[in-house]
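Values reported hereafter were calculated over all heavy atoms of this structure, with side chains retained and with hydrogens, waters and symmetry mates removed.
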Amino acid sequence: HRDLHLSIRRQRQMCIRDRRKALKPIQIFLLEFKKLMRVEIKKLHKMLDTTMVYVTHDQVEAMTLADRVVVMNAGLIDQVGTPGELYHSPRTRFVAGFIGSPAMNFLDCELSELDGGLVVKVGSELSLPVPSGRLERYRPHVGKPLTLGIRPEHVTEERVDRDGVSLSVDVDFVEPLGKETMVYFSLAGEALCGRVAPELNPQPGQSAKVCFDTEQIHIFDRSTDLAL
């Protein structure tokens with residue numbers, strides 16, 4: 001009975017009383033405190049006008065606080081760059097998956113020749129044309145085992161202002177967030193995530209049409225995890 005009592009006590013949620021509000025779980029209090037501290041650290045950095053080194057495992061802190069970020073993987077430097085460079089031009093699959101929330105979607109793929117161009121093939125389920133500006137860089141990797149990466153914000157509803165490849169998918173579950181809805185579905189045996197407009201109102205168990213923005217794809221060599 002004593003062990004059971006201790007177990008129950010340990011699993012109780014810790015709370016902090018805020019005089020202005022009702023009881024808050026300590027996790028929420030800490031999140032608010034971290035946001036406040038990020039603002040104060042930015043102010044301090046600007047006021048001191050000096051180089052500061054900040055070590056963190058939190059990618060949100062790294063992206064919001066730093067002018068330049070050093071991403072380390074297993075004790076080695078994977079990439080050094082601005083937050084924008086890490087997000088839009090990750091050098092490795094590790095950096096691509098570490099930066100951004102929800103994380104980048106990954107699918108096994110290979111490159112194939114088609115009518116003088118190239119397509120990214122994900123099994124028999126999806127083919128994405130390679131942007132013309134990348135043909136020369138990607139062509140030496142035709143037929144090799146590769147990994148396709150695409151961020152959730154580049155898997156959306158069909159839009160007239162965006163070129164892409166549309167695909168009908170079965171919705172597994174959704175996360176309505178007000179200004180957008182996160183849609184989760186499976187493709188080629190992998191769980192993927194997309195961001196769609198809330199008015200689309202996708203429902204679990206139903207099909208929805210999503211569009212892959214071909215200008216925003218990333219390709220990684222599966223043997224080295226380096227971006228092509």
Side-chain angles (χ1 to χ4, degrees), residues 10-106 149-157 159 161-162 173-184 191-200 213 215-218 220 225-227:
R10 286 175 183 149
Q11 293 180 37
R12 285 178 181 168
Q13 194 174 36
M14 292 183 65
C15 295
I16 290 180
R17 181 176 293 278
D18 186 328
R19 291 183 181 179
R20 299 166 297 172
K21 302 175 184 176
L23 286 175
K24 283 186 181 181
I26 193 169
Q27 291 90 341
I28 296 176
F29 179 84
L30 291 175
L31 284 174
E32 292 177 356
F33 179 72
K34 287 179 73 173
K35 290 178 184 177
L36 176 63
M37 287 306 300
R38 287 202 297 268
V39 172
E40 294 303 317
I41 290 171
K42 289 284 277 190
K43 288 179 179 178
L44 181 63
H45 184 210
K46 185 175 181 180
M47 181 183 71
L48 295 176
D49 191 26
T50 188
T51 301
M52 297 174 66
V53 178
Y54 188 86
V55 180
T56 180
H57 292 281
D58 187 330
Q59 58 105 356
V60 174
E61 289 183 349
M63 295 289 282
T64 55
L65 291 175
D67 298 308
R68 291 180 68 77
V69 182
V70 178
V71 180
M72 301 193 70
N73 179 18
L76 300 174
I77 294 176
D78 256 27
Q79 188 170 352
V80 181
T82 66
E85 288 169 345
L86 298 181
Y87 189 83
H88 296 292
S89 303
R91 182 175 173 270
T92 68
R93 174 173 171 164
F94 176 81
V95 174
F98 178 70
I99 300 296
S101 180
M104 183 181 285
N105 299 302
F106 294 108
I150 187 166
R151 295 198 182 278
E153 59 265 37
H154 301 135
V155 181
T156 64
E157 72 280 5
R159 299 178 184 175
D161 61 340
R162 176 179 292 179
F173 64 98
V174 298
E175 290 180 335
L177 300 175
K179 67 175 182 177
E180 62 191 8
T181 297
M182 310 306 296
V183 178
Y184 296 85
L192 303 187
C193 175
R195 294 178 187 259
V196 301
E199 53 267 25
L200 194 65
D213 187 346
E215 292 291 333
Q216 301 296 335
I217 61 173
H218 302 264
F220 303 91
D225 279 347
L226 293 175

**Student:** Within the distance-only criterion (no hydrogens, no angle test), does the side chain of N105 pair as donor or acceptor with the backbone N or O of L192 below 3.5 angstrom?
**Tutor:**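 Not at all, since once roles are kept as given, no pair shorter than 3.5 Å links the two residues.
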
**Student:** Parallel, tilted or perpendicular: which describes the rings of F106 and F220, with under 30° parallel and over 60° perpendicular?
**Tutor:**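 Ring orientation of F106 relative to F220: perpendicular.
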
**Student:** Under 3.5 Å, is there a donor-acceptor pair between the side chain of E157 and the main chain of A197?
**Tutor:**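 Here the side-chain-to-backbone pair exists.
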
**Student:** To the nearest 0.5 Å, tell me how far Q216 CD sits from T156 OG1.
**Tutor:**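 The CD atom of Q216 sits 10.5 Å away from the OG1 atom of T156.
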
**Student:** Supply the atom-to-atom distance Y54 OH to H45 NE2, rounded to the nearest 0.5 angstrom.
**Tutor:** 13.5 Å

**Student:** Quick check for you: to the nearest 0.5 Å, what is the distance between R93 atom CZ and F98 atom CZ?
**Tutor:**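 The CZ atom of R93 sits 15.5 Å away from the CZ atom of F98.
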
**Student:** Rounded to the nearest 0.5 Å, what separation is found between the NE2 atom of H88 and the NE2 atom of H218?
**Tutor:**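 Reported value, rounded in 0.5 Å steps: 8.5 Å.
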
**Student:** Working to the nearest 0.5 angstrom, can you tell me the gap between M72 CE and Q79 CD?
**Tutor:** 13.5 Å

**Student:** Is the side chain of Q59 donor-acceptor paired with the backbone N or O of G100 at a distance under 3.5 Å, no angle test?
**Tutor:**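 At least one qualifying donor-acceptor pair exists.
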
**Student:** Would you say V155 and R195 make side-chain contact, with heavy atoms under 4.5 Å?
**Tutor:** no

**Student:** Does the side chain of M104 come within less than 4.5 Å of I150's, by heavy atoms?
**Tutor:** no

**Student:** As an exercise, state the distance from CD of E61 to CE of M37, rounded to the nearest 0.5 Å.
**Tutor:**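 Between E61 CD and M37 CE, I get 9.5 Å after rounding to 0.5 Å.
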
**Student:** Hey, does the side chain of S101 reach the backbone of A103 with a donor-acceptor pair shorter than 3.5 angstrom?
**Tutor:**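 Absent.
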
**Student:** What's the shortest heavy-atom distance between P83 and D67, and which atoms?
**Tutor:**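 Closest pair (atom of P83, atom of D67, distance): CD-O, 3.5 Å.
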
**Student:** Considering only heavy atoms from C-beta outward, does the side chain of P102 approach that of M182 to under 4.5 Å?
**Tutor:**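 Yes - at least one pair of side-chain heavy atoms lies under 4.5 Å apart.
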
**Student:** Would you say V71 and I77 make side-chain contact, with heavy atoms under 4.5 Å?
**Tutor:**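 Not in contact.
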
**Student:** Could you check whether atom CZ of R91 has more than 12 heavy atoms from other residues, nucleotides or ligands sitting under 6.0 Å from it?
**Tutor:**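 Open: at most 12 neighbouring heavy atoms sit under 6.0 Å from CZ of R91.
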
**Student:** Under 4.5 Å between any side-chain heavy atoms of L65 and K42, yes or no?
**Tutor:**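 A side-chain contact exists here, since the closest heavy-atom pair is under 4.5 Å.
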
**Student:** Check the side chains of D78 and T92 for a donor-acceptor pair under 3.5 angstrom, ignoring hydrogens and angles.
**Tutor:** yes

**Student:** Looking at every heavy atom in both T181 and P176, which two are closest together, and how far apart are they?
**Tutor:** OG1-CA, 4.0 Å

**Student:** Taking H154 for the side chain and I217 for the main chain, is one N or O donor matched with an acceptor at less than 3.5 Å?
**Tutor:**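 Checking the backbone N and O of I217 against the side chain of H154, no donor-acceptor pair under 3.5 Å is found.
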
**Student:** Is E85 reaching over with its side chain to a backbone N or O of T82, donor-acceptor style, under 3.5 angstrom?
**Tutor:** yes

